[in-house]
Amino acid sequence: MTRISLREDIAELMAAYAHCLDDGELAAWPDFFTSDAWYRVVPRENFERDLPLSTLSLQGHGMMRDRLYGVESTIFHAPYYQRHILSQTHIVSHEDDTIEARTNYLVLRTKRDLPPEIFNTGVYHDRIVATPQGLKFAQRFCVFDNDLIPNSLIFPI
Amino acid sequence: MSPHQAPPANAKDIASPWRDDGSSRIPSPVYTSREIYDLELERIFYGKHWSYVGLEIEVPEAGCFKRTAIGERSVIMIRNRKGEINVLENRCAHRAMRFCQERSGKVKTLVCPYHQWNYNHDGKLLGVPFQRGVKGNGGMPEDFSLEDHPLNRLKVEVRNGVVFACFDHEVEDLETYLGPEILACFDRTFDGRQLTLHGYSRQRIPGNWKLMMENIKDPYHPGLLHTWFVTFGLWRADNESQLRIDEKGRHAAMLSRRAQKVTENVAEGVTSFRQNMTLHDMRLLDIVQEDWWGQHTVCMTTVFPNVIFQQQVNSLSTRQIIPVGPDAFDFVWTHFGFAEDSEEMTQRRLTQANLFGPAGFVSADDGEVIEFSQEGFRQAPEFSTLCELGGRDVGPTEHNVTETLIRGMYRYWREVMEL
Ligand code: FES
Ligand SMILES: [Fe+2]
């Protein structure tokens with residue numbers, strides 16, 4: 001892969017991921033990951049202090065599907081839209097087929113009857129791998145800056 | 001009343017919103033009124049009640065501190081050189097500055113940046129710059145004494161690794177405060193074993209702080225709101241359970257035993273049960289019985305006014321309530337395990353943590369319903385809740401179909417608030 005086309009492919013992966021969560025089919029969300037990938041949403045406080053607790057920690061497609069089932073069928077919550085605004089991706093390292101990357105994100109939440117609000121902001125710590133089906137996340141840690149989650153966090157970010 | 005006037009610290013200045021002598025119908029203003037809230041801070045959070053502050057392991061060495069709050073007052077839990085835990089109010093004795101802004105850290109002394117007043121780990125003032133002036137000019141008056149200006153030091157009790165504090169030094173001892181029933185539940189988890197810290201989750205819930213206490217004293221809702229519990233067989237209406245309550249009615253514990261097998265007939269009356277639903281990944285429910293549980297797989301203990309101790313299968317946490325006005329509170333989850341845990345057990349506790357916290361399968365929805373209850377109270381000041389499942393009285397039970405623990409808390413609340 002040339003440097004340019006790799007950058008383009010990563011940018012497309014990021015954009016498609018955001019589109020999936022904001023406007024697309026939630027059911028397609030696990031497809032962005034390798035089958036045993038680790039997805040975590042973790043407060044920066046825990047991350048920096050090496051405390052292992054996550055707000056959400058899903059390992060593999062099975063747990064991801066279980067989460068989607070929970071989101072859609074069992075967890076009662078106020079309906080809301082979310083919108084991801086992403087920064088350029090910083091490629092930290094690229095060895096063989098594995099890329100370590102960081103992308104800043106801002107997620108806005110819009111509830112019914114209310115103006116949009118900043119819901120969650122942080123950095124994606126990604127490990128991206130090349131697979132026959134294209135680039136996938138082998139690891140995506142959403143390390144968020146918010147000290148407080150505004151009530152609850154339902155959808156993946 | 002001028003806007004600068006202090007809130008009435010005297011209940012006689014507040015008209016009671018209650019319409020009867022009981023505690024089964026709670027009027028909206030109990031959740032929304034600013035003057036009632038101010039009186040709660042005074043009498044409950046700053047009065048003769050023990051508040052949870054943290055776990056001893058959060059401040060492992062001399063000079064290690066953690067900043068937190070009791071009511072709306074910022075406090076610092078800090079370990080001194082003798083190894084004792086102090087809880088000091090985060091308010092400089094000079095000009096009141098809340099000098100500590102970090103959540104946690106380690107310091108030689110506590111220094112207020114404004115004018116560099118310097119305090120030791122016991123809150124004692126060690127020195128102030130220019131006390132004797134500069135070249136004969138200025139300085140503190142002759143009668144200024146460092147001893148007269150320490151940080152406000154709270155009364156502290158540490159029980160098996162858990163730290164409680166109280167602004168009022170006349171408070172009864174912690175053991176008496178908890179009472180034998182609740183003490184037994186507390187000691188079941190905290191029996192002196194060394195704890196390990198797993199981390200924090202923090203959320204702000206836009207509802208009155210008491211709604212969270214009610215939520216954990218309410219065994220009516222889990223099988224109905226938390227569809228996830230029922231769907232995957234973790235909760236049944238006929239689970240063997242016990243509700244315990246202290247003599248005064250202010251604390252409580254809900255203990256129950258998880259059903260070993262879920263079959264159709266036990267799901268009676270619970271529409272959300274789905275016979276053939278299974279998880280794609282069973283690690284979420286990879287429950288391993290621990291010796292110390294005894295016959296119960298769940299024990300949720302509410303200690304008035306600000307903490308819930310959670311043991312839900314293998315997941316352990318303290319949930320601290322920090323009120324921020326009558327219509328919001330911060331909810332801080334501190335997850336922990338035991339030093340003796342195997343690697344697998346630690347992993348299991350962390351995986352089961354997906355059920356809890358602001359994103360939890362069975363607790364994200366608690367925050368949501370609290371928000372909407374608060375909205376309902378705001379729109380109907382004349383409304384009273386109906387808390388009469390299982391009758392109108394207060395007492396322990398051997399079943400889950402009751403709101404008696406909530407009535408207990410309000411019976412006590414009315415006494416203390418004189419409303
Ligand atoms: S306010 Fe703290 S030293 Fe002056
Ligand atoms: Fe609940």
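Reminder, nothing fancy here: chain letters follow the sequence lines and each chain counts from 1. Values below: every heavy atom of this structure, side chains too, minus hydrogens, waters and symmetry copies.
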As an exercise, state the distance from OH of A:Y69 to CG of B:L279, rounded to the nearest 0.5 Å. 9.5 Å

Under the 3.5 angstrom rule, does the side chain of A:D66 hit a backbone N or O of B:H280 as a donor-acceptor pair? yes

Close approach to chain A in residues 359-374 of chain B, criterion heavy atom under 4.5 Å: B:A359, B:G360, B:F361, B:A364, B:D365, B:G367, B:E368, B:V369, B:E371, B:F372

Under a 4.5 Å heavy-atom cutoff, which of B:A353, B:S104, B:G357, B:G207 has the most pairs with chain A? B:S104

Please determine whether a side-chain nitrogen of the Lys or Arg among B:R103 and A:D147 lies less than 4.0 Å from a carboxylate oxygen of the Asp or Glu. yes

Count the heavy atoms belonging to other residues, nucleotides or ligands that lie under 6.0 Å from CD of B:E340, then report whether that count exceeds 12. yes

How far does OG1 of A:T74 sit from CZ of B:F229, to the nearest 0.5 angstrom? 11.0 Å

Report which part of A:I75 has an atom under 4.5 Å of a heavy atom belonging to chain B: side chain, backbone, both, or neither. both

Does the B:Q203 side chain pair with the main chain of A:S152, one donor and one acceptor, at a distance under 3.5 Å? no

Examine whether an atom of B:Q352 lies under 4.5 Å from a heavy atom of chain A, and if so say whether it belongs to the side chain, the backbone or both; otherwise answer neither. neither

Highest number of heavy-atom pairs under 4.5 Å with chain A among B:D330, B:T351, B:V332 belongs to B:D330

d(B:D281 CG, A:R67 CZ) to nearest 0.5 Å is 14.0 Å

Crowding at CD, B:E102 (>12 non-hydrogen neighbours, <6.0 Å): no

Most chain B-contacting option - heavy-atom pairs closer than 4.5 Å, from A:A78, A:P150, A:G60: A:A78

In Å and rounded to the nearest 0.5 Å, what is the CD to CG distance from A:Q59 to B:L350? 9.5 Å

Listed by number, the residues in residues 37-55 of chain A that come under 4.5 Å of chain B (heavy atom to heavy atom) are A:P43, A:E45, A:N46, A:R49, A:L51, A:P52, A:L53, A:T55

With chain B, which of A:L153, A:L148, A:N151 has the greatest number of heavy-atom pairs at distances under 4.5 Å? A:N151

Just wondering, are more than 12 heavy atoms of other shown residues or ligands nearer than 6.0 Å to OH in B:Y220? no

Closest-packed option against chain A by number of heavy-atom pairs under 4.5 Å, given B:H335, B:M282, B:R202: B:R202

